[in-house]
Amino acid sequence: VQLQASGGGLVQAGGSLRLSCAASGRTFRSYGMGWFRQAPGKEREFVAAIVWSDGTTYYADSVKGRFMISRDNAKNTVYLQMNSLKPEDTAVYYCAVRTYSGTSSGSYYREYAYGQWGQGTQVTVSS
């Protein structure tokens, strides 16, 4: 599986960006997709995730109400619409394929549940 993330860039606070992540190649054991981000000097953190089968979504508290994750199953593509961006949203954003088959919803927030990762796309929010 190859993941191609795009849509990052520089935006002013309060602005919007839409990230895309397209999965290509052989896909197997994919239960959903997630977005994580890593700011300079910080650990990578969960942002949002979506389940392929029923569209259930999960969000980090810091982005609830501002970000929205969606999917296009036919295109194997996941989107992250980011609104009301803040300087603290500045980070490299990574998409990942959830390969963990466990039923715990809490696992969607954990890196161990994701077996394939994209290369990341930079999002910079200026104040």
Side-chain angles (χ1 to χ4, degrees):
V1 176
Q2 294 180 336
L3 300 176
Q4 182 66 44
S6 61
L10 173 64
V11 64
Q12 288 187 334
S16 299
L17 282 175
R18 187 195 195 204
L19 305 184
S20 299
C21 180
S24 61
R26 181 182 178 186
T27 58
F28 59 95
R29 294 185 179 180
S30 173
Y31 301 95
M33 296 282 286
W35 288 95
F36 289 74
R37 67 187 182 186
Q38 186 168 23
K42 295 187 177 181
E43 294 186 352
R44 190 158 57 185
E45 64 176 3
F46 170 80
V47 176
I50 190 165
V51 180
W52 281 128
S53 60
D54 62 8
T56 299
T57 56
Y58 302 89
Y59 294 95
D61 289 343
S62 58
V63 306
K64 279 182 182 177
R66 300 187 298 121
F67 291 11
M68 185 176 72
I69 188 171
S70 61
R71 78 203 194 284
D72 185 332
N73 291 37
K75 296 181 179 180
N76 284 334
T77 300
V78 173
Y79 306 96
L80 185 67
Q81 178 66 43
M82 305 186 295
N83 300 322
S84 302
L85 283 161
K86 305 174 181 180
E88 50 263 44
D89 294 318
T90 295
V92 177
Y93 283 70
Y94 299 90
C95 60
V97 175
R98 175 185 165 94
T99 53
Y100 177 63
S101 61
T103 57
S104 167
S105 61
S107 62
Y108 274 93
Y109 299 83
R110 303 290 182 257
E111 289 192 31
Y112 71 79
Y114 298 83
Q116 297 286 342
W117 293 80
Q119 84 287 2
T121 184
Q122 176 70 46
V123 172
T124 302
V125 184
S126 63
S127 58

Side chains of Cys21 and Tyr94: does their closest heavy-atom pair fall under 4.5 Å? no
From CD (Gln12) to OG (Ser127), nearest 0.5 Å: 9.5 Å
Could you give the distance from CD (Gln4) to OG (Ser24), rounded to the nearest 0.5 Å? 8.0 Å
Are Tyr58 and Tyr109 an aromatic pair by the rule of ring centers under 6.0 Å? yes
Less than 4.5 Å apart, any side-chain heavy atom of Phe46 and any of Arg110? no
Closest approach of Gly8 and Leu19, non-hydrogen atoms and distance? N-CD2, 3.5 Å
Begin with the C-alpha distance, continue with both residues' side-chain angles, and end with the deciding distance and a verdict on side-chain contact (heavy atoms from CB on, under 4.5 Å) for Phe67 and Leu17. CA-CA 10 Å; Phe67 291 11; Leu17 282 175; over 6 Å; no
Between Arg71 and Trp52 (side chain of the first, backbone of the second, donor and acceptor by atom type, cut-off under 3.5 Å), is there such a pair? yes
What's the separation between atom OG in Ser70 and atom CE in Met33, rounded to the nearest 0.5 Å? 11.5 Å
Is there a path of hydrophobic side-chain contacts, each under 4.5 Å between heavy atoms of I/L/V/M/F/W/Y residues, joining Val63 to Val92? no
With rounding to the nearest 0.5 Å, note down the distance linking OG1 in Thr56 to CD1 in Ile69. 11.5 Å
Working to the nearest 0.5 Å, report the span between OG1 of Thr121 and CZ of Arg37. 14.0 Å
So which heavy atom on Ser104 is nearest to which on Ser107, and how close? O-OG, 2.5 Å
Heavy-atom pair with the smallest gap, counting every atom of Tyr59 and Thr57: CE1-OG1, 3.5 Å
Tightest non-hydrogen contact, residues Ser16 and Ser84, listed as OG-N, 4.3 Å
How far apart are the C-alpha atoms of Thr124 and Gln122, what are their side-chain angles, what is the distance that settles it, and do they pass the side-chain hydrogen bond (donor to acceptor under 3.5 Å, both in side chains) test? CA-CA 6 Å; Thr124 302; Gln122 176 70 46; 3.3 Å; yes
Do you know which two heavy atoms are closest between Ala91 and Ala39, and how far apart they sit? CB-N, 3.8 Å
Does one hydrophobic cluster hold both Leu3 and Leu80, with members joined at side-chain heavy-atom distances below 4.5 Å? yes
Has Gln116 got a side-chain atom pairing as donor or acceptor with Gln2's backbone, closer than 3.5 angstrom? no
Which pair of non-hydrogen atoms, one from Lys42 and one from Gln38, has the smallest distance, and what is that distance? O-NE2, 3.1 Å
Spacing of Ile50 atom CD1 and Arg98 atom CZ [to the nearest 0.5 Å]: 13.0 Å
CA sep, side-chain torsions, deciding dist, call: Tyr114, Phe36, ring pair (Phe, Tyr, Trp, His ring centres under 6.0 Å): CA-CA 10 Å; Tyr114 298 83; Phe36 289 74; 5.1 Å; yes
With the 4.5 Å side-chain cut-off for hydrophobic clustering, are Val125 and Met68 part of the same group? yes
So Met82 and Val11, do their side chains get closer than 4.5 Å, heavy atoms only? no
Would you say the side chain of Val78 lies within less than 4.5 Å of the side chain of Trp35, judging by non-hydrogen atoms? yes
Check this for me: does any side-chain nitrogen of one of Lys64 and Asp61 sit under 4.0 Å from a carboxylate oxygen of the other? yes
